[in-house]
Number of protein chains: 2
Amino acid sequence: MSKQAVALTLTDLNADTPCCPPIAQRRIPAESAAVLAPAFKALGDPVRLQLMSMIASAPDGEICVCDLTPAFELSGPTISHHLKTLRDAGLVDSDRRGTWVYYRARPTIMRQLAALLTVEAT
Amino acid sequence: MSKQAVALTLTDLNADTPCCPPIAQRRIPAESAAVLAPAFKALGDPVRLQLMSMIASAPDGEICVCDLTPAFELSGPTISHHLKTLRDAGLVDSDRRGTWVYYRARPTIMRQLAALLTVEAT
DNA sequence: ACGCTGATTTGAGATCTGTCAACCTAGAGA
DNA sequence: TCTCTAGGTTGACAGATCTCAAATCAGCGT
């Protein structure tokens with residue numbers, strides 16, 4: 001497939017239609033793996049997984065960094081770095097309002113990842 | 001290899017009942033994040049994601065290392081190392097039969113991870 | 001303008017990871 | 001036993017990652 005790899009990141013992961021069939025259904029191509037692996041990698045750290053959960057489960061659909069940081073025994077810069085990682089992976093969006101910055105999850109991409117791991121019933 | 005650490009991981013992730021609600025539903029506790037993050041981390045490498053897909057989508061439910069290695073332009077030891085990572089994460093099982101070693105996916109754990117990323121319909 | 005607070009960026013150090021060459025182990029078969 | 005092949009283990013190295021302190025940036029007050 002001679003698809004444009006760059007567009008894949010923004011287009012396919014954001015699309016409503018799955019980017020690929022479940023990995024248990026057909027072997028994933030190298031190009032897709034290169035696009036998808038970073039998202040899993042971003043979730044592959046305990047702190048980021050918790051951050052992602054706090055963001056995705058926020059009652060108002062968003063949560064302030066000022067509410068995230070004190071939940072960990074880590075410095076502000078470290079939390080900021082992890083949030084940037086989640087942002088770069090396309091898992092969250094950030095939005096500054098005045099002094100505060102709010103993060104919200106990108107449900108489409110989460111669904112893409114969930115769909116990838118789907119397994120047929122045994 | 002430490003059988004203990006693996007056994008711990010498998011205990012939680014191997015159950016038929018979800019280990020935790022979706023991360024978008026409730027904030028994941030630190031302990032659960034510590035158990036689950038390594039699984040995502042293992043999928044967070046393009047080579048391992050492809051390996052996992054080849055294993056999970058194998059027609060007979062299993063695939064020989066001798067069929068995995070030539071699919072990549074990487075040395076045998078490197079593939080072996082990645083397979084060990086997947087094994088340690090509890091994502092696959094290996095089984096030696098004669099000269100050859102076969103790998104098979106652990107669907108329960110894949111389902112756990114998929115369930116974790118589930119998002120309510122908007 | 002000034003200072004204050006919240007958040008990100010930069011720089012640095014310790015640790016972890018991906019990779020390969022070299023070596024070792026397990027099993028099949030003569 | 002000896003040899004051959006399939007995989008795994010060890011050791012080493014370059015590059016990535018996690019973390020913090022220090023510096024910087026962005027807004028809101030007075």
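The model shown is predicted, which means the values in this text are computed figures rather than measured ones. Numbered from 1 within each chain, the chains take letters A, B, ... in sequence-line order.
Considering all non-hydrogen atoms of both residues, A:Ala89 and A:Ala39 come closest at CB-CA, 4.2 Å.
Rounded to whole Å, atom P of C:dC16 lies 16 Å from atom NZ of A:Lys41. As a whole-Å value, the separation of B:Glu62 CD from D:dG7 P is 13 Å. The nearest whole Å value for the distance from the CG atom in B:Leu86 to the P atom in C:dT17 is 14 Å. The distance between atom NE2 of B:His82 and atom C1' of D:dG8, rounded to the nearest whole Å, is 15 Å. A straight line from CG of A:Asp95 to P of D:dG27 spans 12 Å, rounded to a whole angstrom. Residue B:Leu83 contributes atom CG, which lies 14 Å from atom C1' of D:dT9 at whole-angstrom precision. Look at CZ on B:Phe72: it is 14 Å from C1' on C:dG18, rounded to the nearest Å. The CG-P distance, from A:Asp67 to C:dG6, rounds to 11 Å in whole Å.
Checking each of B:Ile55, B:Val65, B:Leu83, B:Val101 against B:Ser94 for a side chain to side chain contact (heavy atoms under 4.5 Å, CB included) leaves exactly one that passes, namely B:Val101.
In this model, no donor atom of one side chain and acceptor atom of the other lie less than 3.5 Å apart for A:Arg96 and A:Tyr102.
Of the side-chain N and O atoms in B:Arg97, none sit less than 4.0 angstrom from OP1 or OP2 of D:dA6. For D:dG7, neither phosphate oxygen OP1 nor OP2 lies less than 4.0 angstrom from any side-chain nitrogen or oxygen of B:Lys84. Remark: B:Tyr102 is not in phosphate contact with D:dA6, judged by side-chain N or O atoms under 4.0 Å from OP1 or OP2. At D:dC20, one or more side-chain N or O atoms of A:Thr78 fall inside 4.0 Å of OP1 or OP2 (strictly under the cut-off). Considering only side-chain N and O atoms, B:Tyr103 lies nowhere under 4.0 angstrom from the phosphate OP1 or OP2 of D:dA6. For the pair A:Thr99 and C:dG6, the criterion of a side-chain N or O lying under 4.0 Å from OP1 or OP2 is not met.
Summarising the geometry, atom CD1 belonging to A:Ile63 is positioned 4.5 Å from atom CE belonging to A:Met54; distances are rounded to the nearest 0.5 Å. How far CG of A:Leu86 is from CE of A:Met52: 6.5 Å, rounded to the nearest 0.5 Å.
At the heavy-atom level, A:His81 lies under 4.0 Å from base atoms of the strands shown. Within the nucleic acid shown, B:Gly76 has no heavy atom closer than 4.0 Å to any nucleic acid atom. No engagement by A:Ile79 is indicated, since no non-hydrogen atom pair under 4.0 Å with the nucleic acid exists.
Between A:Arg96 and A:Glu73, it is A:Glu73 whose nearest contact on DNA chain D lies nearer the 5' terminus. In terms of position on DNA chain D, the residue among A:Trp100 and A:Arg48 whose nearest nucleotide sits closer to the 5' end is A:Arg48.
Checked against D:dA22, D:dC18, C:dT19, the side chain of A:Asp45 finds its nearest nucleotide in D:dC18.
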